[in-house]
Amino acid sequence: MNVTEQDFIALLPLLILAATAIAVMLGVAVRRSHALSASIAFAGLVISFGSIWIAAPELPRQVTPLLILDRYALFYIALLTVSSMVFILLAHGYFEKSDDDHDEMYILMLVATLGGAVLVSSSHFASLFLGLELLSVALYGMIAYPRRRPLPLEAGIKYLVLAAVSAAFLLFGMALVYGAFGTMRFDEIAAQLSRPGFDRWLVLPGMALIITGFGFKLALAPFHIWTPDVYEGAPAPVTAYVATVSKGAMFALLLRYFYKTGGHQQAPLFVVFSVIAIASMFAGNILALLQDNVKRILAYSSIAHLGYLLVAFQASGDLAPMAVGFYLVSYFVTTLGAFGIVAVLSDGGRDADLLDDYRGLFWRRPVVAAVFTAMLFSLAGIPVTVGFVGKFYLVAAGASAGLWSLVVILVVTSGIGLFYYLRIVVAIYSEASQAKAGPVIGAPAVAALIFLTAALVYLGLFPQPLLALIRGLTFG
Amino acid sequence: MILLCLIVIPLIAGGLAWAVARWSVAACRWITLLAVTADLILALVLWGSHSPAGSGTWLAEADWEWIPQAGIRFHLAVDGLSLLLLMLTFFLGVLSVLASWREITEAVGFFHFNLLWILAGIAGVFLAVDLFLFYFAWELMLVPMYFLIAIWGHENRVYAAVKFFIFTQLSGLLMLVAILALVFTHHSATGAYSFEYGDLLGTAMSSVAEMWMMLGFFVAFAVKLPAIVLHTWLPDAHTEAPTAGSVILAGLLLKTGAYGMLRFVLPLFPHASATFAPVAMILGVAGILYGALLAFGQTDLKRLVAYTSVSHLGFVLLGIFVWNPLALQGAVMTMICHGISTGALFILVGALQDRIHTREMDRMGGIWSTAPRLSGAALFFALASLGLPGLGDFVGEFLVLLGAYQQSIVIAALAAIGVLFATFYALQFVQRAFQGPNTFNWRIPDLVPREGLVMAVMIIALLWLGLYPRPVLNTFEPVMTRIEQMAPGR
Amino acid sequence: MFPIREGFMISGALFTLGVIGVLARRNLLFVLMSIEVMLNAAGMAFVVAGARWRQPDGQVMFLFILAMAAAEVSVGLALVLELYHQFKTLDTDAISRMRG
Amino acid sequence: MLALLWLVPAIPFASALALAVLGPRMRARGVAVVGTGSIAISAAISLVIAGTFLGAPPASGAYTQTLWTWIDVGSFRPGIAFYLDALSLVMTVVVTFVSFLIHLYSVEFMRGDEGYSRFFAYMNLFVASMVTLLLADNLLLLYLGWEGVGLCSYLLIGFWYQDAANGLAGRKAFIVTRVGDTAMAVGLFVLFHNLGTLRIQDLMHAAQSQWPAGSSYAIAAAALLLGGAVGKSAQLPLQTWLPDAMAGPTPTSALIHAATMVTAGVYLIARTNVLFTLAPPVQFAVAVVGAATLLMAGFSALTQNDIKRVLAYSTISQIGYMFLALGVGAWGAAIFHFMTHAFFKALLFLAAGIVIEALHHEHNIFRMGGLRTELPVAFWTFLIGGCALAGLPLITAGYFSKDLILWSVANSPAGGMGLLAAGIAGVVLTSFYTFRLIFVVFFGRIETAVSHRPGLAMVVPACILAFLSVVGGFDKASFEALLNTALPHFREAGGGMSEALTSVAAGLAFFAGLLAAWYAYLRNPSLSRAAAGNPAGRLLHRFWFSDWGMDWFYDRLFIRPVVWAASASKADIVDSIYDGLASAAVLCYRILSATETGKLRWYAAWIAGGSVVTLAIVMWL
């Protein structure tokens, strides 16, 4: 099992990410300048994004039993790198405003993205664990990054302890499954699971514990309690990063793991996932109803969105992977946009997360308000936005698999969801209460927001090209 | 091509109006007026050019690829029914722009942007023949109307706007589920994904599935056409909306619900609709009586007019589900005439509120002495809404009652009593607002020439529809026969 | 046959002890220690599983777990220092300013 | 010349529109010219048409003129078309001619009123609607005219809108008549559903051929049409609105609530006589309604002290006679009585108008007196009208028409002795309250001084009408011959009372009433006060005064519940469902947000708990 030259080409995107992280470290060692480290990181990401096209012809390729690089993995790696680029643009503006040094943020971000990439392309328990921990440990640092402020510290500690606990649950589950099957490769597990004779008393609890680990990372219903505190505490760009890259990578892994092993078709697991989906949809929407903190509202709404995503995941027809893929893209664009606005509007001291900061925003800064309204409508699933097409495909996937109860709950809860999105929109369009001008927005942040809004409207009106791309995502 | 212009002109004009508003408010208003008038002329040209016999089902079509993979096409088409409603849309659009010429002072550009985009959304709803595009336009017309109410509304506007948004959006989602269920049933039957109205027409499905899908569609349209239980958003939305908003809300948005039933519920699910018809008829009659009773009890002028809409649309619902030629023609006639008469009433109430800054009838009285022309017009349209023969509403209501009588005597009798109830609220409205002693000795200016012109146009329209409704009836004739033949057992 | 059932029993028990430790203790240091206990319990389960199938994979995974635990603890201690610096206490209930 | 028929309704409609739009800007003179002129032209045209019609009657005895098809949906094709035959000719001529006189009268009566042009606009609109009603070729167009006259009566009753009472009276009139109209509308549905058309002539032939006598459909249709007629013609049980309708200006009362509109019901029944002959029980009901109404109204008129309310009750009573005639199948007699009644009742109202104008708007007759010398014109015209109303034998037209009705009742197979007795009692009552009115108003001491003598424009119409009230009845035979071309002949049952006997009975009844009134009010005026003094008399007086307590009864039975229901449900109860849902959601929010305590250990507990739950589900399912 030696690593051939094609393997390296196939692994190119991951290698470039790692190289960039080291390059940024060297950069920081040479001269500590915010702009320099940001641009090195950005360049690295661009090259890694480019390298995906170089690696593409090599697909699909099992590189060592740990990683499998197929069209599915490369699509999500591309998604992760693009959102990391957007993160850099937002983070640069955000951290420029606060005084202390912030070059290490980009190193942590690159490591986290690398972890995500490993997660996405893993086909083995070990690589799953490695990717997950790379991502998590990097996130501990990012969340608690602004040391002087109390809230990030509190968020960091909470995230660290709970992530570690859930990692332990995950590991124990993996151990049980490994104990039952004697193999840690997804395809071999799949083979053994399809034969009825496996040892139920080990495998099912193992799967349950694995679901607990995944559930924490994806902030699904019973394991979602930490989300609002960490999202509110962490600096806005980091929250954006956590909500998108960490959850996105995890869900891609969940999809690959369960679709390959067919685990979720087992009757008990199907019920577990349905219960989690329903609980997430209800909890996410209900908890956000009368919230006054915009970041907490967006945190709860992301819980609800993951609940919607599970509905498509449960459908597991031929339409499901496409629906999940498209919805993840729309979720990425919208969440990055929404938190981007929060990041753009916060000044050095405190994030602009209270609803009053947004009262009468439209009359002070119409363009920013318009972008934020577009993002909110996309979250609510209103036409002309990518969120609408995403939700449309979710319901289509659910309907095609005949999961009527889940679909109806999705409809009802997203009806409840409308209320709190509209609360923010109402605040934005109410009369201007104070004349505070708000911070000036840097060029990179403006570029990021324009890119996101363009993507939101373009994919909302012409989803066809992206759909064709996703349709080709066959598992390796 | 003309169909695409009908939608694109308001969209572009909206952006233009918003941009121009920064420099000159008048220019912004003129752009909006010109855009809507252009659309009205286009619609009239379309009406003039088509021969009433009409060859195929559609008078004009425009069809492009959109999402071929899912069988979704950008397919616009117009037939007798949608043409009539399009003309009503742009007719009321022009009048609402004229009526709110002086009323809107802050953020005029954004106001006209929203106004034009609502009209584009409504035009899209009437033109869309692809179910996905229909749903797209259905949701699209909702957002600008929400902004119209939330920003330029009156005291309790936020509550009303949010309530309106959630009611319509939630029911819209139910319709989305029904659309998808229909598409997948069609797919499992024919193996191809298609959202085309033509393809989906004959899909075979089990009666239980058909009933559920029909209910999905029916609930969405019943919320929009306020059927009795789902109507509670209407009074709030109408009371709080600015004049132009109320006119478009009452005149057009309610009609999209009725249009949806005629276009989608009856043809797509004939058997389920037939079994559901008695329930729908009872809902209709209950709506007539309940709306009239509540209208009679209101003290806020706009709420009174809003509840009258519930009552009139009860006739439309009844007419649609009676499903014979008389009732269908009556339903369409009522839709159009109700749009004009209630639109006019809202313009008048808006004008009155601009002058005396209140809508409470207890604070009014004796306004006829200071503003005779305004009160005269209000009397005229109150009479139109109580179904005075010689005006449009009577023709519609009489046809619906005549058709309903052939279906069941009890329902026709109850609906006739509803017409009697209409007299209560109409005369209540005139008596308490305009007649009686001028206790608060109002000294208000009468209608300005602009408002006078709007009123005159609407009076002539109602008189013309009342005395010579045949052009409207003939335009709807071919569509009506097609819908009527779809009824099972005919 | 390798007593896998008993092996898992012990590691399960150890795991539960760790969980109870996390829930019961208020001091952040002890919470971190209980997390270590949980991670080691998981490692032990892996070793037992590996032993049953006579494969080194279990032990390799244990090494990964150790490495990860070390990294996680180092960051954890850094946060403990900062916590003490800002809040002058190590009580986890003190850091609950965000709620609702 | 018959082709000009459509102008008769069109001209007043056009002038009404012109006055409504341009009226406020025109001078009073111009308004009077346009308002009265249009009616004059319309009356002239109708006379010309009458001349040509009588000169060279068209072959089928009727002339139809179709303007355009109004609605055409499947088999339902009503047109805007006019149908002229003897019946509609007579009524149109009478209506247009009397309207012209009243318009002339109101030129002076309404001078100085700030709503001058509005008044003439409404009056012209009324005449246009009434003529449309009379000439309508199909029941839908008739219904249009029917509602149009109802609307104009509402507008004119509430003409002086400053006083809220007038507006409420107008509203009451419109709603009560609309109750009748709703019944009539349902009748229209029955007719169309079963006979497939609404064109009156085809309807009659179809009914004749398809429905056997006494068929349930005929009964239903006739009963519903009777409902409409009862509403419009203020007969039992829907007559409460007419006395309150006196709140309108006197010319309106003269035109609408005496001469023309209230007889629309009579016209409807006469026009659809085939239906009523096919439904004998309903026809008999018409007779009974007529008889009962004429008695009740007669008694109520006895106790009124407002000069116009006395005349209003007498109108209800006289229409009772017409219903009685229709009920027994004497279609011609009813129309004949309509004509004479139109003349003398309009005259009475105009004369009353002169009196009211003279005593600067005094309505209470007990505050008038001795006007015989002060207002001679008013006195003589009022006397002639009163005698015609009461039926002074051999001179007044009223006598001939009422005698014809009594004779028909006596000799018709359906007429019973009861109906005849009611008729004769009615004559006694009528002459009693008429002469009570004359003696109280024109004889005795002068209570209030006369301030203003009526001008020529008010006196001339009164005199013309007085002349017609006398002459109108002479040529009874040729009038009957004309009507028989359109209406079925009256079927005599053998062995009834002879012509002479009924006329003698009517004469005696007239003089009895006259003497009674003379004795009670001139001989010793104290008698009427004494009668009102004792408790039984006072109770009876109050009962009759309030129209047999019908108003009080309706208020309790219908108005109170509806008003209560409306105010009770003012806040939409359906809305509480959605408020309930919203509060449930907020409750869930409160509960769930309690779980976000912010404590780290609590979060860890949730994760552990969550995994335990997952394990449980996995293990036990």
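Residue numbers begin at 1 in each chain, while the letters A, B, ... track the order of the sequences.
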Tell me whether D:K599 is salt-bridged to C:D93, with the criterion being a basic N under 4.0 Å from an acidic carboxylate O.
no

Nearest 0.5 Å please: distance from the CH2 atom of D:W146 over to the OG1 atom of D:T132.
14.0 Å

Where on C:A94 is there a heavy atom nearer than 4.5 Å to chain D: the side chain, the backbone, both, or neither?
neither

D:Y122 vs D:F159 aromatic rings, parallel, tilted or perpendicular, using cut-offs 30° and 60°?
perpendicular

Which residue out of C:V31, C:L23, C:T92 racks up the most heavy-atom pairs below 4.5 Å with chain D?
C:L23

Where on D:A604 is there a heavy atom nearer than 4.5 Å to chain C: the side chain, the backbone, both, or neither?
both

Identify which part of C:V22 has an atom lying under 4.5 Å from any heavy atom of chain D, answering side chain, backbone, both or neither.
both

Below 4.0 angstrom, N of the basic side chain to O of the carboxylate: do D:D551 and D:K172 qualify?
yes

Side chains of D:F13 and D:L125: closer than 4.5 Å at any heavy-atom pair?
yes

Given heavy-atom pairs under 4.5 angstrom as the criterion, report whether the side chain, backbone, both or neither of C:R26 touches chain D.
both

